[in-house]
Amino acid sequence: MSSHPYSVLTPERILDAVEAQGYRCDGRINALNSFENRVFQLGIEDEPPLIAKFYRPDRWSYDQILEEHAFCAELTVAEWPVVPPLVGPNGQSAHRDGEFVFALFNRFGGHAPELDKLDTIELLGRSLGRLHAIGALSPFLHRPAINIEEYGVASREFLLSNDSIPPSLIEAYGTLTRDILKIVDERFRDCRYTAIRIHADCHRGNILWRDDRAVFVDFDDCRMGPAVQDLWMLLSGDRQEQTEQLDALLEGYEMFHEFDDRELSLVESLRTLRMMHYAAWIARRWSDPAFPPAFSWFNTERYWAEHILSLREQFAILQEEPLSRPRGNF
């Protein structure tokens, strides 16, 4: 029998946990696409379905989860477009069930935004400007910050020590990532940004577009960090295209919150750290039965050769002039 924590999260246990919060489940349960946590859509008698999210044990403390929920509640009061966790009969939004903490959400449908439209990007900029204006009001006390140590150094050390990388590529990976982290460290030291509360995983898959508006979901990774972390993943294409998108994004953003242009020097560093962290994340979760079939390419020599090639390209980009606003915009 698997010793992984999720091996005991049976359908019966899920339904019992939700019904303990006062809901009458009708027995329908569908697993949704989530790897870090386990997320399910549950049928509720005479009511719309609910979404139940069971947090991965030992990843976040209870206080850190409550802080995520408190941030979402603060955004909801400010009428910012988020899907907040529901508050239960005990007045809490995070519920304990043995080794698990879970939360319930109303179901909200939509599709990913079309980021090839500058009007859409400007609207997203407005939403993110409002988010950061609220996020800047106070800091997180329990949740961590985006930093080089966790995303870069720890990821590198883990991958070099756990046999994920084929022996023939270990030296190349180790040497390259050592040089990359040296440059990234210099970029962060030079920037001296002000960290605020941010979404921190603001890619298009965490934005639901419906009725010409965007609603943001999944604040599981929210942290303290630079504002630009929530912006750069919305940019794509060549440098000219990204410059045009950045112009639209910041035009909307600065209706609500000032943006420090110095943070643009961190875009490629943040992209590189995300690449390193993602590879280490898969390796750390390999004992989870859901991971090997979903990421079957991960432990192949081809994957690691391509990953190292992508990091080499990032190493070259890190030494170029950073992205900037079009001239004439201040």
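Hydrogens, waters and symmetry mates are skipped; everything else that's a heavy atom, side chains included, is used.
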Hey, are [X] and [Y] close enough for a salt bridge, meaning a charged N less than 4.0 Å from a carboxylate O?
{"X": "Glu74", "Y": "Arg197", "answer": "yes"}
{"X": "Arg325", "Y": "Asp261", "answer": "yes"}
{"X": "Arg213", "Y": "Asp211", "answer": "no"}
{"X": "Lys53", "Y": "Asp220", "answer": "yes"}
{"X": "Arg262", "Y": "Asp190", "answer": "no"}
{"X": "Lys117", "Y": "Glu114", "answer": "yes"}

Heavy-atom pair with the smallest gap, counting every atom of Met276 and Gly152: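 That would be CE-O, 3.7 Å.
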Can a donor-acceptor pair be found between the side chains of [X] and [Y] at a distance below 3.5 Å?
{"X": "Arg187", "Y": "Ser269", "result": "no"}
{"X": "Ser164", "Y": "Asn162", "result": "yes"}
{"X": "Gln245", "Y": "Glu241", "result": "no"}

Would a distance-only check, ignoring hydrogens and angles, find a side-chain to backbone donor-acceptor pair under 3.5 Å from [X] to [Y]?
{"X": "Arg130", "Y": "Ala78", "value": "yes"}
{"X": "Asn147", "Y": "Ala145", "value": "yes"}
{"X": "Asp26", "Y": "Glu45", "value": "no"}

Do other residues, nucleotides or ligands put more than 12 heavy atoms under 6.0 Å from [X] [atom1]?
{"X": "Asp260", "atom1": "CG", "result": "yes"}
{"X": "Glu79", "atom1": "CD", "result": "no"}
{"X": "Arg24", "atom1": "CZ", "result": "no"}
{"X": "Glu258", "atom1": "CD", "result": "no"}

- request: Report the hydrophobic cluster partners of Val83, with the cluster defined as I, L, V, M, F, W, Y residues connected by side-chain heavy atoms closer than 4.5 angstrom, directly or transitively.
  value: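 Same cluster as Val83: Leu32, Val39, Ile51, Phe105, Phe108, Leu208, Val215, Val217.
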Other cluster members, Leu141 - Ile/Leu/Val/Met/Phe/Trp/Tyr, side-chain contacts below 4.5 Å: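 Members besides Leu141: none; it forms no cluster.
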field: Row check, Phe158 ring normal vs Arg284 NZ/CZ: under 6.0 Å, within 45°
entry: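 Cation-pi check for Arg284 and Phe158: passes.
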message: Distance to the ring centre below 6.0 angstrom and angle to the axis at most 45 degrees; does that hold for Arg96 and Tyr62?
response: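 The answer is yes; both the distance and angle limits are met.
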Is there a chain of hydrophobic side chains (I, L, V, M, F, W, Y, each step under 4.5 Å between heavy atoms) that links [X] to [Y]?
{"X": "Val18", "Y": "Val87", "result": "no"}
{"X": "Leu264", "Y": "Ile317", "result": "no"}
{"X": "Leu235", "Y": "Leu270", "result": "yes"}
{"X": "Leu273", "Y": "Tyr278", "result": "yes"}

Evaluation steps, side-chain contact (heavy atoms from CB on, under 4.5 Å), between Gln21 and Leu104: CA-CA 9 Å; Gln21 295 303 313; Leu104 300 173; 4.2 Å; yes
- prompt: Could you walk me through whether Asp63 and Arg143 pass the salt bridge (charged side-chain N to carboxylate O under 4.0 Å, His left out) check?
  reply: CA-CA 8 Å; Asp63 285 339; Arg143 295 184 75 86; over 6 Å; no
query: When the ring planes of Phe71 and Phe219 are compared, do they come out parallel, tilted or perpendicular, using 30° and 60° as the limits?
result: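 Judged by the thresholds at 30° and 60°, the geometry between Phe71 and Phe219 is perpendicular.
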query: Taking it one step at a time, do Arg156 and Glu150 satisfy salt bridge (charged side-chain N to carboxylate O under 4.0 Å, His left out)?
result: CA-CA 9 Å; Arg156 175 180 184 271; Glu150 179 184 348; over 6 Å; no
- request: Output, in order, the C-alpha distance, side-chain angles, deciding distance and verdict of ring pair (Phe, Tyr, Trp, His ring centres under 6.0 Å) for His132 and Phe259.
  value: CA-CA 10 Å; His132 291 170; Phe259 181 77; 8.6 Å; no
- prompt: Given the rule in the salt bridge (charged side-chain N to carboxylate O under 4.0 Å, His left out) test, do Arg107 and Glu47 qualify, once you have shown the distances and angles that lead to the verdict?
  reply: CA-CA 11 Å; Arg107 184 181 65 171; Glu47 293 183 31; over 6 Å; no
- prompt: For the side-chain hydrogen bond (donor to acceptor under 3.5 Å, both in side chains) test, which of Arg38, Glu36, Glu68 pairs with Tyr55?
  reply: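 Single side-chain hydrogen bond (donor to acceptor under 3.5 Å, both in side chains) partner of Tyr55 among Arg38, Glu36, Glu68: Glu68.
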message: The test is salt bridge (charged side-chain N to carboxylate O under 4.0 Å, His left out); show your working for Glu268 and Arg271 and say whether it passes.
response: CA-CA 5 Å; Glu268 295 305 329; Arg271 190 193 311 275; 2.9 Å; yes
- prompt: Hey, which of Leu75, Leu131, Asp218 is the one that makes side-chain contact (heavy atoms from CB on, under 4.5 Å) with Val82?
  reply: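 Option passing the side-chain contact (heavy atoms from CB on, under 4.5 Å) with Val82: Leu75.
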message: The test is side-chain contact (heavy atoms from CB on, under 4.5 Å); show your working for Glu19 and Cys25 and say whether it passes.
response: CA-CA 7 Å; Glu19 290 194 332; Cys25 299; 3.7 Å; yes
message: Taking the ring centre of each residue, are Phe291 and Trp286 less than 6.0 Å apart?
response: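 Judged by ring-centre distance (under 6.0 Å), Phe291 and Trp286 do not meet the cut-off.
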task: Give a yes or no on whether the ring-centroid distance for Phe295 and Phe35 is below 6.0 angstrom.
output: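 Centroid distance Phe295-Phe35: below 6.0 Å, so yes.
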Set of salt bridge (charged side-chain N to carboxylate O under 4.0 Å, His left out) partners for Arg302, sequence neighbours left out: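 With neighbours one apart ignored, the set is Glu306.
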Full working for side chain to side chain donor-acceptor pair (under 3.5 Å) between Ser236 and Gln242: CA-CA 6 Å; Ser236 61; Gln242 290 190 42; over 6 Å; no
query: When you look at Met224 and Ile198, which way does the side-chain contact (heavy atoms from CB on, under 4.5 Å) test go after all the steps?
result: CA-CA 6 Å; Met224 299 294 293; Ile198 58 174; over 6 Å; no
